[in-house]
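What follows is a set of notes on a single structure, which appears directly below.
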Amino acid sequence: MARSTVRPVVRLTSTAGTGVTYVTRKNRQNDPDRLVLRKYDPVAGQHVLFREER
């Protein structure tokens, strides 16, 4: 059976100051209090931390 877990839309903004944002439905079950994810920023050309807007 499928699990009925709610995965809300999360908006992530680059901390590199490039203005790049991601909209994702990341898995929030592992660590719901985590505010940053490391993702690739195409403007900066490297992986940077993306902060969640709450």
Side-chain angles (χ1 to χ4, degrees):
M1 287 215 179
R3 284 188 273 165
S4 60
T5 56
V6 177
R7 295 179 70 190
V9 172
V10 176
R11 197 169 176 82
L12 301 170
T13 307
S14 175
T15 58
T18 56
V20 176
T21 59
Y22 279 99
V23 177
T24 182
R25 291 181 180 271
K26 67 175 182 166
N27 188 353
R28 314 244 329 124
Q29 288 181 333
N30 296 338
D31 191 359
D33 295 326
R34 187 174 178 188
L35 285 171
V36 292
L37 275 180
R38 188 170 166 81
K39 293 176 71 70
Y40 184 75
D41 187 337
V43 178
Q46 61 186 354
H47 281 80
V48 297
L49 290 177
F50 277 74
R51 186 167 300 280
E52 177 182 330
E53 297 173 1
R54 285 193 178 175

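Here the structure is a predicted model, which is why all the values come from computation and not from measurement.
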Would you give me the side-chain donor-acceptor pairs under 3.5 Å for residues 44-51, sequence neighbours excluded?
none

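Hydrophobic cluster membership differs between Val36 and Val20, with clusters built from Ile, Leu, Val, Met, Phe, Trp and Tyr side chains linked at under 4.5 angstrom.
When side chains are defined from C-beta on, Val10 does not count as touching Arg25, because their heavy atoms never get closer than 4.5 Å. Contact check for Leu12 versus Thr21: no side-chain heavy atoms found under the 4.5 Å cut-off.
Sequence neighbours left out, the pairs with a member in residues 8-17 that pass side chain to side chain donor-acceptor pair (under 3.5 Å) are Thr13-Glu53, Ser14-Asp41.
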